[in-house]
Novice: 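One structure coming up, written as structure tokens, with questions to follow.
Being a predicted model, the structure only gives us computed values, none of them experimental.
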Amino acid sequence: MERIRRIFLLFLCLALWVTLGVSAAVEPASSVAVVTIKGEIDGGQSALLQRAFQEAQKNNARAILVELDTFGGLVDAAVQMRDVIIDSPVPTICYIKNRAWSAGALIALAHQSIAVAPGGSIGAAEPIPTTEKTVAALKAEFAATANKTGRNPRVAEAMVDKSLGLPGYAEPGQILALTDYQAKDVGFADFVAVDRAAVLAHYGFSDATVVEYQPQWTDRLAGWLSNPAIKSGLLSLIFLAVLAEIKTAGTGVGALVAIVAAVLFFGSQWLTGVAGLLEILLFAAGCILLVVELYVPGTGLFGIAGLASILASFFLSLGANLSAVTTMTISLVVAIIAFAVLARYLPSSKLWTKLILKDSETTQAGYTSAQDYDCYLGCEGITITQLRPAGRIELKGVQLDVVSEGRFLPAGIPVKVVSVKGNRIVVHPIVE
């Protein structure tokens with residue numbers, strides 16, 4: 001148990017270092033933070049953006065410039081980035097270097113100011129799969145974002161719903177995408193800028209120190225771990241490790257695997273802004289309750305509460321929606337199937353036979369699980385304590401714990417062993 005506790009503390013320290021100890025650039029006074037978002041929008045891009053915005057705010061940056069070049073990506077990651085940008089107290093500028101399509105268009109619209117490079121474009125945000133529900137949800141998100149930043153919501157909706165169209169730019173049935181000059185005409189770009197220097201000069205930051213933020217290994221790891229398939233796999237591994245720990249009667253291997261998988265799962269969720277302190281505290285409280293259940297006899301209340309707390313932490317971290325329930329259900333089913341396969345085939349595998357000692361000390365081989373007291377049957381001894389009715393006698397130079405036949409016997413009288421059942425030795429006084 002002490003070893004498990006030390007391992008848990010080690011990985012807890014690792015989780016805190018990953019989530020809180022991420023290094024970041026320190027911005028001097030009168031600076032502009034520059035974040036480059038390029039390629040597919042995923043959890044890694046979200047982690048990079050959140051790290052940059054937190055540091056920029058902490059160091060009183062004058063503005064944050066996001067240079068954007070993307071074909072799109074995960075909508076949930078884009079929504080997280082949108083929320084960070086739109087809630088930022090630091091002025092934000094988006095520079096569309098080439099394109100801001102699909103999820104990238106939502107990120108661009110969240111900025112207070114937008115500049116676009118010559119030949120750049122924005123829009124083409126029709127969701128895939130294109131269902132009535134997804135179109136309605138994303139259209140509302142675009143419209144609300146445009147309205148919040150002072151742009152025409154009708155134009156933003158046409159980027160998502162091709163049935164709307166936009167006179168002069170897209171016919172009904174065509175999805176809206178705007179070129180550099182078109183974006184300027186409809187108010188979705190302030191001006192066309194040839195480079196970063198032109199953007200900074202236009203907004204009055206030409207004299208500011210530029211502090212650039214580039215992706216770090218923690219951002220890339222968060223992006224990889226935020227992949228839905230990876231998250232589902234980590235959940236399955238956690239469930240499987242718990243089942244294995246129960247099956248192996250607390251050897252600690254399953255607990256160690258579960259802790260590592262949980263650190264990876266919640267660490268990635270924390271870095272990408274999906275999981276907050278509540279989810280992590282719920283998981284930790286659930287683990288503590290399960291440990292309490294092992295050592296405190298009861299009706300299983302602690303165990304049920306611990307399991308419910310852990311499941312709630314997973315549910316909230318995965319979005320607290322129907323998709324979260326689906327992911328958890330699939331992960332649990334996969335874990336049960338994997339556990340059944342391991343339970344059936346692992347004991348007969350060559351690897352298992354090398355790891356597990358098969359020799360056993362059986363009765364047939366001459367081993368006994370306890371001392372054999374049958375040899376004292378019929379022997380006589382002297383009581384050395386009172387028997388009330390239990391006490392001790394001395395017999396053949398050996399002191400034994402015995403009981404009388406229900407009578408209280410004083411010390412110093414002769415007794416005889418009349419019955420032996422396991423380690424229970426019954427005596428009877430020789431002289432009444």
Novice: Is there a donor-acceptor contact under 3.5 Å from the side chain of Tyr95 to the main chain of Ala193?
Specialist: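 Yes.
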Novice: Is there a donor-acceptor pair closer than 3.5 Å between any side-chain N or O of Glu40 and the backbone N or O of Thr70?
Specialist: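 Looks like no, no N/O pair under 3.5 Å.
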Novice: How long is the straight-line distance from CD1 of Ile86 back to CE of Met81, given to the nearest 0.5 Å?
Specialist: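 Separation between the atoms: 13.5 Å.
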Novice: Strictly by modelled atom types, are Ser232 and Ser331 linked by a side-chain donor-acceptor pair under 3.5 Å?
Specialist: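 The criterion, which ignores hydrogens and geometry beyond distance, is satisfied for Ser331 and Ser232.
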Novice: Would you call Glu212 and Arg196 a salt bridge, taking side-chain N to carboxylate O under 4.0 Å as the test?
Specialist: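 Yes.
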Novice: With side-chain contact (heavy atoms from CB on, under 4.5 Å) as the test, would you mind laying out the steps for Asn59 and Glu55 before giving the verdict?
Specialist: CA-CA 6 Å; Asn59 294 291; Glu55 289 297 319; 3.4 Å; yes
Novice: Could you walk me through whether Ile37 and Val66 pass the side-chain contact (heavy atoms from CB on, under 4.5 Å) check?
Specialist: CA-CA 7 Å; Ile37 303 296; Val66 176; 3.9 Å; yes
Novice: Verify, without hydrogens or angle tests, whether Thr92 (side chain) and Gln112 (backbone) share a donor-acceptor contact under 3.5 angstrom.
Specialist: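 Yes, because the side chain of Thr92 sits within donor-acceptor range (under 3.5 Å) of the backbone of Gln112.
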Novice: Do the ring planes of Phe283 and Phe314 sit parallel (below 30°), tilted (30 to 60°) or perpendicular (above 60°)?
Specialist: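 If you compare the ring of Phe283 with that of Phe314, the planes turn out tilted.
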Novice: Take Tyr169 and Asp185 through the side-chain contact (heavy atoms from CB on, under 4.5 Å) test and state the conclusion after the steps.
Specialist: CA-CA 11 Å; Tyr169 298 94; Asp185 290 341; 3.6 Å; yes
Novice: Do the side chain of Ser88 and the main chain of Ile85 share a donor and acceptor less than 3.5 angstrom apart?
Specialist: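 No: the side chain of Ser88 does not pair with the backbone of Ile85.
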Novice: Is the number of heavy atoms from other residues, nucleotides or ligands within 6.0 Å of CD (Glu171) greater than 12?
Specialist: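 No.
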Novice: CG of Leu164 to NZ of Lys139: how many Å apart, nearest 0.5 Å?
Specialist: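 The NZ atom of Lys139 is 5.0 Å from CG of Leu164, to the nearest 0.5 Å.
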Novice: Output the distance between atom CG (Leu48) and atom NZ (Lys38), rounded to the nearest 0.5 Å.
Specialist: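 Rounded to the nearest 0.5 Å, the CG-NZ separation comes to 14.0 Å.
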Novice: I need the minimum non-hydrogen distance between Tyr213 and Ala52, along with the two atoms involved.
Specialist: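 Tyr213 and Ala52 have their closest heavy atoms at CG-CB, 3.7 Å.
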Novice: Would you find more than 12 non-hydrogen atoms of other residues, nucleotides or ligands less than 6.0 Å from Arg154 atom CZ?
Specialist: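 Yes, because the 6.0 Å sphere around CZ of Arg154 holds more than 12 heavy atoms from other groups.
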Novice: Can you find a side-chain donor-acceptor pair between Thr326 and Thr329 that sits under 3.5 Å?
Specialist: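 No, no side-chain donor-acceptor pair sits under 3.5 Å.
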Novice: Using modelled atom types only, decide if a donor and an acceptor are shared between the side chain of Asn147 and the backbone of Gly150 within a distance under 3.5 Å.
Specialist: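 Checked: no pair found.
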Novice: Quick check against the 3.5 Å criterion: does Arg62 have a side-chain atom that pairs as donor or acceptor with the backbone of Phe205?
Specialist: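 No: the side chain of Arg62 does not pair with the backbone of Phe205.
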Novice: Is the backbone of Leu282 close enough, under 3.5 Å, to the side chain of Ser309 for a donor and an acceptor to pair up by distance?
Specialist: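 Between the backbone of Leu282 and the side chain of Ser309 there is a qualifying donor-acceptor contact (under 3.5 Å).
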Novice: Step by step, would you call Lys148 with Asp87 a salt bridge (Lys or Arg N to Asp or Glu O under 4.0 Å)?
Specialist: CA-CA 10 Å; Lys148 178 75 174 180; Asp87 294 336; over 6 Å; no
Novice: Minimum heavy-atom separation for Ile114 to Ala108, with atom names?
Specialist: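 Smallest interatomic distance, heavy atoms only, reads CD1-O, 3.3 Å.
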Novice: Would you say the side chain of Asp42 lies within less than 4.5 Å of the side chain of Leu74, judging by non-hydrogen atoms?
Specialist: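 Side chain of Leu74 against side chain of Asp42, heavy atoms only: contact under 4.5 Å found.
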Novice: Taking Arg392's backbone N and O only, do any of them form a donor-acceptor pair with Thr385's side chain (distance below 3.5 Å, no angle check)?
Specialist: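 Confirmed, Thr385 side chain pairs with Arg392 backbone.
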Novice: Using a strict threshold of under 4.0 Å (side-chain N to carboxylate O), is an ion pair present between Asp69 and Arg99?
Specialist: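 Counted as a salt bridge, because a side-chain N and a carboxylate O are separated by less than 4.0 Å.
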Novice: Rounded to the nearest 0.5 Å, what separates atom CG in Leu166 from atom CG in Asn152?
Specialist: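 That separation rounds to 8.0 Å.
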Novice: Side chains of Ser121 and Trp101: donor-acceptor distance under 3.5 Å anywhere?
Specialist: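 There is such a pair between these side chains.
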Novice: Have Arg82 and Thr145 got a donor and an acceptor in their side chains that come within less than 3.5 Å?
Specialist: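 Result is yes, a qualifying pair exists.
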Novice: Do the non-hydrogen side-chain atoms of Leu400 and Tyr373 ever get within less than 4.5 Å of each other?
Specialist: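 Yes; the side chains approach each other to less than 4.5 Å.
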Novice: Is the closest side-chain heavy-atom distance between Thr131 and Val135 below 4.5 Å?
Specialist: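 They are not in side-chain contact.
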Novice: As an exercise, state the distance from CG of Asp195 to CG of Leu200, rounded to the nearest 0.5 Å.
Specialist: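 Reported to 0.5 Å precision, the distance equals 9.0 Å.
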Novice: Which pair of non-hydrogen atoms, one from Ala33 and one from Ala56, has the smallest distance, and what is that distance?
Specialist: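 That closest heavy-atom pairing would be CB-CB, 4.0 Å.
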Novice: Would you check, one step at a time, whether the test side-chain contact (heavy atoms from CB on, under 4.5 Å) holds for Glu67 with Val34?
Specialist: CA-CA 7 Å; Glu67 294 185 341; Val34 177; 4.1 Å; yes
Novice: Can you name the closest pair of heavy atoms from Ala105 and Ile122 and give their distance?
Specialist: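 Smallest interatomic distance, heavy atoms only, reads CB-CG1, 3.9 Å.
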Novice: Do other residues, nucleotides or ligands put more than 12 heavy atoms under 6.0 Å from the NZ atom of Lys97?
Specialist: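 Not more than 12 within 6.0 Å, no.
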Novice: Any donor and acceptor pair, going by atom type alone, linking the side chain of Thr149 with main-chain N or O of Ala110 inside 3.5 Å?
Specialist: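 No, Thr149 side chain to Ala110 backbone: no donor-acceptor pair under 3.5 Å.
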Novice: Without swapping roles, check the side chain of Gln182 against the backbone of Thr179 for a donor-acceptor pair under 3.5 Å.
Specialist: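 A pair under 3.5 Å: yes.
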Novice: Where do Val192 and Ala117 come nearest, in terms of heavy atoms and distance?
Specialist: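 That would be CG1-C, 4.1 Å.
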Novice: Do Ile93 and Pro91 have side chains that approach each other closer than 4.5 Å (heavy atoms only, starting at C-beta)?
Specialist: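 Heavy-atom side-chain distance check fails, nothing below 4.5 Å.
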Novice: Does any non-hydrogen side-chain atom of Arg424 lie less than 4.5 Å from one of Val403?
Specialist: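 Answer yes - side chains close enough.
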Novice: Looking only at non-hydrogen atoms, find the nearest pair between Leu176 and Ala170 and report the distance.
Specialist: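 Closest pair (atom of Leu176, atom of Ala170, distance): CD1-CB, 4.0 Å.
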Novice: For residues Leu65 and Val35, determine if any side-chain heavy atom of one lies less than 4.5 Å from a side-chain heavy atom of the other.
Specialist: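 No, every pair of side-chain atoms sits at 4.5 Å or beyond.
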Novice: Please tell me if the side chains of Leu178 and Met159 come closer than 4.5 Å, counting only heavy atoms from C-beta onward.
Specialist: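 A side-chain contact under 4.5 Å exists here.
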Novice: Quick one: pull up OG1 in Thr130 and CD1 in Ile175 and give me the separation to the nearest 0.5 Å.
Specialist: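 Output value for this atom pair is 8.5 Å.
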Novice: State, yes or no, whether a side-chain contact exists between Ile330 and Leu332 at a heavy-atom distance under 4.5 Å.
Specialist: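 No, their side chains stay 4.5 Å or more apart.
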